[in-house]
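Sequence positions, counted from 1, serve as the residue numbers for this chain.
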Amino acid sequence: MSHKSDIEIAREAAKRPIQEIGAKLGIGADDLLPYGHDKAKVSQPFIDGLADRPDGKLILVTAINPTPAGEGKTTTTVGLGDGLNRIGKKAAICIREASLGPCFGMKGGAAGGGYAQVVPMEEMNLHFTGDFHAITSAHNLLSAMIDNHIYWGNALGIDQRRVVWRRVMDMNDRALRDIVTSLGGVPNGFPRQTGFDITVASEVMAILCLASDLADLERRLGDIIVAYTRDKAPVTCRDIGADGAMAVLLKDAIQPNLVQTLENNPAFVHGGPFANIAHGCNSVMATKTALKLADYVVTEAGFGADLGAEKFMDIKCRKAGISPDAVVVVATVRAMKMNGGVAKGDLGAENVAAVQAGCANLGRHIENVKSFGVPVVVAINHFAGDTEAEIAAVTDYVAGQGSEAVLCKHWAEGSAGTEALAERVVALAEGEGSAFSPLYPDEMGLLEKIETIATRIYRADGIVADAKVIKQLEEWEAAGFGHLPVCMAKTQYSFTTDPTARGAPTGFTIPVREVRLSAGAGFVVAICGEIMTMPGLPSAPAAETIRLNEAGDVEGLF
């Protein structure tokens, strides 16, 4: 039996005018800034007027480590939001915007799937409201102004060997990871080695997603450390004089985007840092605005709980003063079989033993999430080939972990397939209550914070770091940055830095090869193993099959 593709389903959506979607949350037409008929930004004055309202319940959706079998975290986030509305709750969804890199690379889009999608799907996965372009432009304006300052006499005394601000673009392009700029003689400036990161790894992206308003955005932009002098004194974006112009470029991008699900429920889609190389959460402004307008807000954190959920708890919640009332961990029978050693080509055959073996990965994520003091439920994202025995194996395992697993069929059935999950989430959020606490205190040393995440979340024996990395962390502590949280940049596919090590491995260490200070965003990035902040395209990128058909519709986007 063939199924409609995500884009075919999205194209058939009975969308409502965005003003009707805003009205469901009490947002007046005058407080929306429309981008066409089906998407809009929510105005800053309206958001400012919500400050005294009480917050709704916050539900975080996370997952096991991703596998080629697929987990469906965003699909479950959308399905749960629709399910909560179906059972009579006033619910909104908060997810991230899609990067062009994975859309044209291997991962695909980021709007959900099947009958649990956010629309307009095509626009969301392409240019949307232009936020990523604005972030890219603001980031690279700063890059240009740094080199321009050096060219015109270098009044700040920047050591060209210590310029730490790289350029960005929203595309996977490995050729730009390490480059030399300003070749060609005197008119082009002073040659130096630098490189590009992908836009989702930009500190400007992180700042936009953590800022509380436009004034906070500009302050954080000014705090960015872009270079050091010969005596190692920091040079900031404010010193370069770029912060005001960058804020101008971002004045519209900072306002949250409102769209809708296939079932015409409100969804905020704003910001898009990756969780494997950045902090992996949608914007604080979108989440806090939704919390003021809805009784339930369902949000997600990127990749597995070892990355996205940890950063949601230790960075976003810490910075924004929020906490989840319940957490949903998404898993699939197929992924359990892969974690149990089954090859992707053999996933169609029933294999209860492999499911049971692979559940160790799920179990570790459940334990980790519970360690933050929040109640947990597991959503089994149903695939057509799952057998009753395999589903029972996951359900029984989760029960043995002191949690409950709920079978969800939202991909095929929409909100009808998540009613049970919605009821369980409400019971947890309104019953058990959350005793949320971050993994580590602010006053813990930076190196110890890295070690704490590695040992308590990844279950490593420890970390391995060069003396220069340790010295750099010590220097930042001496400069007053020791209170910052840590953002781990690591492969999403494993608890280790080896992407092939599935399951729940033990007996390994985490190599920390580099650390970067994001003073404006307010965290320190620890780059572990071989992870790259500029991804590359696969051997057969999705871009090869994306095209316009004779009717002018997009084909191949999924």
More than 12 heavy atoms from other groups under 6.0 Å of [atom1] on [X]:
X: Glu555; atom1: CD; answer: yes
X: Phe128; atom1: CZ; answer: yes
X: Asn549; atom1: CG; answer: yes

Rounded distance (nearest 0.5 Å) linking atom [atom1] of [X] with atom [atom2] of [Y]:
X: Ile254; Y: Leu217; atom1: CD1; atom2: CG; value: 4.5 Å
X: Arg513; Y: Glu530; atom1: CZ; atom2: CD; value: 6.0 Å
X: Ile150; Y: Ile240; atom1: CD1; atom2: CD1; value: 7.5 Å
X: Lys39; Y: Asn257; atom1: NZ; atom2: CG; value: 9.5 Å
X: Ile207; Y: Glu218; atom1: CD1; atom2: CD; value: 11.5 Å

Is there a donor-acceptor contact under 3.5 Å linking the side chains of [X] and [Y]?
X: His410; Y: Thr76; answer: yes
X: Asn381; Y: Thr332; answer: no
X: Thr199; Y: Thr136; answer: yes
X: Ser99; Y: Asp170; answer: yes

Salt-bridge criterion met for [X] and [Y] (N-O under 4.0 Å):
X: Lys292; Y: Asp52; answer: no
X: Asp223; Y: Arg238; answer: yes
X: Arg167; Y: Asp147; answer: yes
X: Glu122; Y: Arg11; answer: yes
X: Asp243; Y: Arg220; answer: no
X: Arg177; Y: Asp197; answer: no
X: Lys4; Y: Glu8; answer: no

request  = Mind jotting down which residue pairs meet the ring-ring contact (aromatic ring centres under 6.0 Å, His included) criterion with at least one end in residues 244-286? Sequence neighbours excluded, please.
outcome  = His279-Phe523
key: Closest non-hydrogen atom pair between Gly272 and Val200, with its separation   = O-CG1, 3.0 Å
Minimum side-chain heavy-atom gap [X]-[Y] below 4.5 Å:
X: Pro324; Y: Cys317; answer: yes
X: Thr62; Y: Val328; answer: no
X: Pro438; Y: Met313; answer: no
X: Ile21; Y: Arg16; answer: yes
X: Leu250; Y: Leu208; answer: yes
X: Val78; Y: Thr75; answer: no
X: Asn172; Y: Ile198; answer: yes
X: Leu291; Y: Ile322; answer: yes

Please confirm whether the backbone N or O of [Y] pairs with a side-chain atom of [X], one donor and one acceptor, at under 3.5 Å?
X: Thr74; Y: Ala111; answer: no
X: Gln255; Y: Gln44; answer: yes
X: Gln117; Y: Gly114; answer: yes
X: Lys57; Y: Val297; answer: no

task = Evaluate salt bridge (Lys or Arg N to Asp or Glu O under 4.0 Å) for Lys15 paired with Asp38, printing each intermediate quantity in order.
result = CA-CA 7 Å; Lys15 292 181 290 186; Asp38 52 12; 2.7 Å; yes
request  = Given salt bridge (Lys or Arg N to Asp or Glu O under 4.0 Å), test Lys41 with Asp131 step by step and report yes or no.
outcome  = CA-CA 11 Å; Lys41 284 188 170 290; Asp131 294 345; 2.9 Å; yes
message = Ser202 vs His139, test: side-chain hydrogen bond (donor to acceptor under 3.5 Å, both in side chains). Steps then yes/no.
response = CA-CA 7 Å; Ser202 166; His139 183 114; 2.7 Å; yes
message = Quick check on side chain to side chain contact (heavy atoms under 4.5 Å, CB included): which of Thr299, Asn282, Val269, Val298 does Ile95 satisfy it with?
response = Val269
request  = Could you walk me through whether Lys316 and Thr287 pass side-chain hydrogen bond (donor to acceptor under 3.5 Å, both in side chains), step by step?
outcome  = CA-CA 10 Å; Lys316 181 173 180 175; Thr287 302; 2.7 Å; yes
